[in-house]
Amino acid sequence: MPNIDNNITHVQRRLQQAARDAGRNPEDVLLLAVSKTRSSPQLAEAIKSGITSFGENYLQEAAPKISELQKHRLDWHFIGPLQSNKTRQVAELFSWVHTVDRLKIAQRLSDQRPKNLAPLNICLQINIDQESSKSGFTAEQAAEAALAIAKLPHLTLRGLMAIPKARQDIAGQRVAFTKLRNLLDELNSLLDKSQKLDTLSMGMSDDLEAAILEGATIVRVGTDIFGPRH
Ligand SMILES: *Cc1c(COP(=O)(O)O)cnc(C)c1O
């Protein structure tokens, strides 16, 4: 069994070093542990090592873990493809959704967010490399979507998320992340002061340094915490 505690220490060090290299405060970057395919006992190990936020891709898989680990008061982030028929439960169980790729999904999440809970935090997924295999708004569609979603009452639009193409070199990796950061700045120039976006969800096991250098505020790391997925 991989040593989750050691892995987390190592990823935290990479995160801190990248933040320092960027002249940023490491505390401004959240390490989101991506726990798809991992069991509750594995998540419990990560909790012991200080993880408080988990990212899950599939509602069916996440729901029992959320219930089993309830006493830890965790933050659950939905980071998978989201279909209309799943929005109600996602709005009830999660505090963040990173993968809003249609206005209709955002409207349903707002309507279905329980009124006793804080507004649901939302990122727009952007198809930054314009790949037909990936979902997300194009950069051109993002402004109209952001202006509409920022008005929905039970959501807080926080920022942008992307999954760029895998690239080997850090310079190449940074290009896509720069685009996402520039798009965030552009949207912020259109939104009211009270609605400013503060979140860039970008960077995974293989490219978290490049993402932090370009301003990532949430890095989503699975493999380098829990080991390879089978
Ligand atoms: C699985 C997944 C990750 C984690 O990727 P690793 O390479 O295992 O770190 C991050 N973001 C999303 C959206 C994912 O689906």
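These numbers come from a predicted model, not from an experiment. Atoms within each ligand, like the ligands themselves, are counted from 1 in listed order.
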Electrostatic pair [X]:[Y] at N-O distance under 4.0 angstrom:
X      : Y      : answer
Arg174 : Glu214 : yes
Asp129 : Arg167 : yes
Glu131 : Lys165 : no

Determine whether a donor-acceptor pair (N or O, by modelled atom type, separation under 3.5 Å) exists between the side chain of [X] and the backbone of [Y].
X      : Y      : answer
Asp207 : Met204 : yes
Arg14  : Leu208 : no
Lys65  : Arg38  : yes

List every atom of ligand 1 that sits less than 4.0 Å from any heavy atom of [X], numbering the atoms from 1 in the order shown and giving each element.
X      : result
Met161 : 13 (C)
Ile163 : 13 (C)
Val221 : 9 (O)
Gly222 : 4 (C), 6 (P), 8 (O), 9 (O)
Asn57  : 14 (C), 15 (O)
Arg220 : 4 (C), 9 (O), 10 (C), 11 (N), 12 (C), 13 (C)
Thr223 : 6 (P), 7 (O), 8 (O), 9 (O)

Atom 9 (O) of ligand 1: the protein heavy-atom neighbour that sits closest, reported with distance to 0.1 Å: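 Going atom by atom, the protein heavy atom closest to atom 9 (O) of ligand 1 ends up being Ser205 OG, 2.6 Å.
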Identity and separation of the nearest protein heavy atom to atom 10 (C) of ligand 1: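 Going by distance alone, atom 10 (C) of ligand 1 is nearest to Met204 SD, 3.1 Å.
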Could you tell me if the side chain of Asp111 sits less than 4.5 Å from the side chain of His154, heavy atoms only?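 Side chain of His154 against side chain of Asp111, heavy atoms only: no contact under 4.5 Å found.
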Separation of Leu180 CG from Ile163 CD1 (nearest 0.5 Å):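 Here the rounded value is 11.5 Å.
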Run the contact test for Ile79 against ligand 1 with a 4.0 Å cut-off on heavy atoms, strictly below, and give the result.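 Yes, Ile79 has a heavy atom closer than 4.0 Å to ligand 1.
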Where's the contact between Lys36 and ligand 1, heavy-atom distance under 4.0 Å: side chain, backbone, both or neither?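 It is the side chain that touches ligand 1; the backbone stays farther off.
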